[in-house]
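Everything below concerns the one structure shown next.
All residue numbers refer to positions in the sequence shown, counting from 1.
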Amino acid sequence: MNWKDIASVVGSSAPVLGGLLGGPAGGAIGSIISSVLGTGNTPDEVAVALASNPDAAVKLKQIEKERQVELQTLLVQAEANRLAADTQVIVAVNATMQAETVSEHWPTYSWRPFIGFMTGVMAFGCYFVLPLLKIPVPTVPETVWMMFGGILGVASWFRGKAQADPANPMPVKG
């Protein structure tokens, strides 16, 4: 068992503590909870105390009330960390796409448009051409459509964002 496993139990009495317990600060918050409940610093011992001690919910609410500013600061920091990580991922994807766009090798700069064209051909063929020819439409797994949609969505969004930026001189290819 880990701290995330008991986050919902804690969150039913103290939502801020439960939210933090399920996140990256779970160990620190767990140690605070365990010290107030008088248990060992393990999720298993805290879970037993929460289930067997009727005063545990009151103690959790008391922790949340007494340390409200500190807990809110931790929540804000956790969200800032998550946003920073998301931003790093977006920057890395954007840098990769820009490097692909200016590549001199056709497979590197043409794979995204190829996926786009193939998705269109596949959808048109499966759902328009085959029924017109009275050929049974094959079952295309949902994950295939999700894969193509994800690739096209990300590629289109970044490409459109880059093209809309007047300070970004985009080459014609790609």
Is Ile151 linked to Val144 within one hydrophobic cluster, defined over Ile, Leu, Val, Met, Phe, Trp and Tyr using a side-chain heavy-atom separation of less than 4.5 Å? yes
Of the non-hydrogen atoms in Leu60 and Ala14, which two are nearest, and what is the gap between them? O-CB, 3.8 Å
Give the minimum heavy-atom separation between Thr39 and Ala49, together with the two atoms involved. CG2-CB, 3.4 Å
Are Phe148 and Val140 co-members of a hydrophobic cluster defined by side-chain heavy atoms under 4.5 Å apart? yes
Let me confirm one number: the CG-CD1 distance from Asn41 to Ile33, rounded to the nearest 0.5 Å. 10.0 Å
When rounded to the nearest 0.5 angstrom, what distance separates CG in Leu75 from CD in Glu70? 11.5 Å
Any pair counted as side chain to side chain donor-acceptor pair (under 3.5 Å), so long as it reaches residues 49-62, sequence neighbours left out: Gln62-Glu66
Got a sec: does the CZ of Phe117 have more than 12 other heavy atoms crowding it under 6.0 Å? no
Please check if Val48 and Val46 belong to a single hydrophobic cluster, counting links between Ile, Leu, Val, Met, Phe, Trp and Tyr side chain heavy atoms closer than 4.5 Å. no
What residues form a side-chain contact (heavy atoms from CB on, under 4.5 Å) with Arg82, not counting sequence neighbours? Glu79, Asp86
I need the minimum non-hydrogen distance between Leu130 and Pro138, along with the two atoms involved. CD1-CD, 3.5 Å
Do you know the tightest heavy-atom contact between Glu64 and Leu71? CA-CD1, 3.8 Å
Please name the pair of heavy atoms, one in Leu152 and one in Gly116, separated by the smallest distance, quoted to 0.1 Å. CD2-CA, 3.2 Å
In terms of hydrophobic clusters joined by side-chain contacts under 4.5 Å, are Met147 and Val121 together? no
Glu45 (side chain) donor-acceptor with Ser34 (main chain) under 3.5 angstrom: no
Which atom names give the shortest non-hydrogen contact between Cys126 and Val137, and what distance separates them? O-CG2, 3.3 Å
Between the CG atom in Leu20 and the CG atom in Leu74, the distance rounded to the nearest 0.5 Å is 5.5 Å
In Å, rounded to the nearest 0.5 Å, how long is the span from CD1 of Ile115 to OG1 of Thr119? 6.0 Å
Who passes ring-ring contact (aromatic ring centres under 6.0 Å, His included) against Phe128, sequence neighbours left out? Phe124
